[in-house]
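Notes to accompany the following structure.
Every chain is numbered from 1 and lettered A, B, ... according to where its sequence line falls, protein lines coming before strand lines.
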Amino acid sequence: MLEALAFYIFAAVTLVSAIGVVASRNIVRSAVCLLGTLGGVACLYFLLNANLLAAIQLIVYAGGTLILIVFGVMLTSKSPWVVFDPTRGQVVGAVIVSILLATGLCMLLVGNEWPAGTAMTASPHVKDVGTMLLTDYLVPFEAASVLLLVVMIGAAYLARPEK
Amino acid sequence: MGGIQVGNLCHNVGSAARTMMDTMDAIRNILADQFWFSIVLGLVVFGGIQGAVAYAILLERKISAWTQDRYGPNRVGPYGILQPIADGLKFFLKEDIIPANVDKALFIFAPWMIFVVALVGFAVIPWGGSFKWGWMEATAKPMVVQVASVDIGLLYIVAVSSLSVYGVVLGGWASNNKYSFYGAIRAAAQMLSYEVPMGMCLMAAILMTGSLRLEEMVDWQARHGWAVMYHPIAALVLFITALAEANRMPFDLAESEQELIGGYHTEYSALKLALFFLAEYSHMITSSAMMICIFFGGYLVPGWEWLNTTPTFGAALVRVAVFAFKIFLFICLYMLIRWTIPRFRFDQLMRLAWKGLVPMTMTLVAAQGLVLYMGWSQWTTTAVNIGVFLFGGFVSVAGGKAVTGRQLSLRRAEAMG
């Protein structure tokens with residue numbers, strides 16, 4: 001009962017702030033709404049006993065990625081009164097991509113059997129997650145780290161002082 | 001007639017006593033249930049921290065006065081001990097100004113955000129180990145003096161404290177003021193940079209104790225001695241990053257009065273300004289508690305074996321008192337540093353983080369991993385710590401570059417900013 005109530009609250013927070021992300025015309029407010037979405041999803045993870053995933057969601061997305069986005073946005077938009085005005089072409093493109101994504105997700109949702117009643121009673125051990133990352137999923141893990149390294153080198157190259 | 005009345009009276013007294021017994025039993029049952037105990041403890045800790053914050057501000061003013069050879073606040077109550085109440089009242093009664101050209105929603109949101117984030121961190125701090133009430137059965141599970149014992153303990157604190165930058169950044173941005181904006185930008189860059197060495201220090205500690213739970217880290221230290229003996233430099237770096245994360249001197253570039261008026265909170269007044277201060281001091285208390293749990297033995301006292309083996313409520317209270325005393329010492333250290341060490345310049349700040357602290361702590365993590373893998377004695381890391389410290393000192397001396405003043409390594413245009 002309590003859990004269901006918490007689920008609906010967090011789901012509502014996630015959805016409402018997700019609507020805020022796309023509806024807001026001020027780009028920093030959009031970013032703040034995105035914070036609500038990411039936080040709501042993290043709370044849902046907590047509710048599902050996936051503590052590690054929730055913490056990583058907060059550390060990586062809310063605390064790391066999003067703050068970089070906000071940082072970039074703040075440096076580029078000079079005043080709180082600059083409104084975000086997409087061109088018609090951008091809107092059409094966004095609509096097409098969103099429809100494709102939505103149909104894909106809906107097909108995934110409908111086309112699969114979702115096992116019911118297999119709630120985790122305890123959080124999976126951090127140790128197990130770590131072991132899996134460094135054994136079964138080593139290649140994707142390392143590929144992700146190489147990708148990040150490439151991004152870092154690229155950023156350093158772009159940001160170097162002109163010689 | 002009289003007999004009936006006396007009988008009724010006796011009956012009433014008896015039932016009153018019985019209801020009282022029932023209530024007592026109910027209270028005892030509630031206190032013996034970890035869920036309700038945690039809720040009560042959460043409220044107590046919340047109140048305790050708010051009170052401690054009020055007096056920490058007084059302590060700061062007293063220490064600043066002592067450092068500068070003044071009296072400090074001494075008009076309200078004996079020795080000024082009622083000053084926090086007067087300060088609080090003043091903040092409540094002042095006019096709450098919202099300037100015309102601010103982003104109103106974010107302007108109001110930012111102080112609350114930073115305040116809430118600073119407060120939820122204390123949930124996983126083990127304040128006093130575990131104990132049993134006198135009325136509990138011997139086989140019952142002992143109560144834990146901790147609001148929430150989650151398996152990701154330390155990561156929870158890191159996750160929550162990584163959100164605290166939003167309050168500063170959004171507050172500064174929403175103010176629509178250049179000085180506030182500079183403060184916000186500085187705060188964002190500073191907090192992101194200092195999170196890296198902080199994570200590395202925590203990683204060294206996690207590798208050493210083999211657990212993310214703060215209570216297990218304290219237990220490990222009960223068996224092996226305080227972790228600061230094995231990783232003194234990691235403890236020092238963690239303290240430095242805690243100063244930076246709390247935007248305290250010498251890292252308070254986000255608000256530096258002389259350059260930015262008040263930085264990100266220039267436009268704030270009354271209760272909203274108070275929330276920023278409450279958040280800063282709460283953050284200091286939470287981060288000291290975290291450092292004490294990881295490196296300074298939590299509620300342990302060397303030589304007092306009985307302290308962490310006695311499972312009574314009284315012993316738990318003593319443990320909490322020991323913990324509180326250690327936090328007090330840390331807070332005093334924070335304050336002494338604020339009133340003695342001058343502020344860094346921004347390029348010095350960044351160089352310290354990326355060229356100094358990050359390589360040092362990375363070496364420590366690698367050394368700790370190697371020690372674990374090879375099964376060497378834990379004391380090896382002490383040697384590595386000292387080595388890293390000496391090497392760092394040697395490099396900075398042999399480099400011969402000026403630490404303060406204009407940077408000769410920079411071109412003139414860069415040095416002038």
Side-chain angles (χ1 to χ4, degrees), chain A residues 2 17 20 24 26-36 38-39 42-43 45-46 49-83 120 122-130 156 161-163, chain B residues 35 99 101-107 109-110 113 116-117 120 124 148-170 172-178 180-182 184-189 191-192 195-196 199 206-207 210-213 410-411 413-414:
Chain A
L2 207 63
S17 46
S24 174
N26 179 321
I27 195 160
V28 173
R29 282 199 187 179
S30 289
V32 174
C33 288
L34 193 56
L35 177 65
L38 296 172
C43 288
Y45 287 152
F46 270 123
N49 261 328
N51 290 348
L52 179 66
L53 202 56
I56 289 175
Q57 164 91 4
L58 281 181
I59 295 173
V60 174
Y61 288 106
T65 315
L66 188 60
I67 197 70
L68 282 180
I69 294 177
V70 171
F71 197 55
V73 164
M74 284 199 326
L75 282 175
T76 47
S77 80
K78 289 277 157 33
S79 135
W81 306 116
V82 174
V83 289
M120 279 190 292
S123 169
H125 287 291
V126 178
K127 198 174 176 178
D128 299 337
V129 177
E162 294 293 331
K163 285 277 153 65
Chain B
F35 178 74
N101 287 325
V102 298
D103 187 329
K104 208 166 166 184
L106 291 184
F107 189 79
F109 173 71
M113 165 100 196
V116 169
V117 163
V120 292
V124 294
S149 173
V150 286
D151 57 338
I152 51 163
L154 203 49
L155 283 185
Y156 170 84
I157 295 188
V158 175
V160 165
S161 72
S162 73
L163 295 180
S164 68
V165 61
Y166 281 103
V168 176
V169 167
L170 294 178
W173 190 82
S175 297
N176 195 13
N177 170 328
K178 277 180 187 146
S180 302
F181 182 72
Y182 278 131
I185 292 276
R186 284 180 177 187
M191 285 181 165
L192 282 179
E195 248 166 45
V196 178
I206 291 167
L207 280 174
S211 175
L212 285 170
R213 286 176 187 261
L410 300 178
R411 282 184 291 118
E414 281 177 72

* Point-to-point distance, once rounded to the nearest 0.5 Å, from CG of A/L38 to OG1 of A/T65 -> 8.0 Å
* Looking only at atom types and distance, does a side-chain atom of A/Y61 sit under 3.5 Å from a main-chain N or O of A/A42, one as donor and one as acceptor? -> no
* Asked: Checking heavy atoms, do the side chain of B/L192, its backbone, both or neither come under 4.5 Å from chain A?
  -> side chain
* **Heavy-atom pairs under 4.5 Å with chain B, option from A/L68, A/L58, A/I67 with the top count** => A/I67
* Asked: Within a reach of under 6.0 Å around OH of B/Y182, are more than 12 heavy atoms found that belong to other residues, nucleotides or ligands?
  -> no
* Asked: Is there side-chain contact between B/S175 and B/F107, with heavy atoms separated by less than 4.5 Å?
  -> yes
* Contact part of B/M191 toward chain A, heavy-atom cut-off under 4.5 Å: side chain, backbone, both or neither? -> neither
* Interchain contact, B/I185 with chain A, by part (heavy-atom threshold 4.5 Å) -> both
* Nearest 0.5 Å please: distance from the CD1 atom of B/I152 over to the CG atom of B/L212. => 8.0 Å
* Asked: Given that the side chain runs from C-beta out, which part of A/L35 has a heavy atom under 4.5 Å from chain B: side chain, backbone, both or neither?
  -> side chain
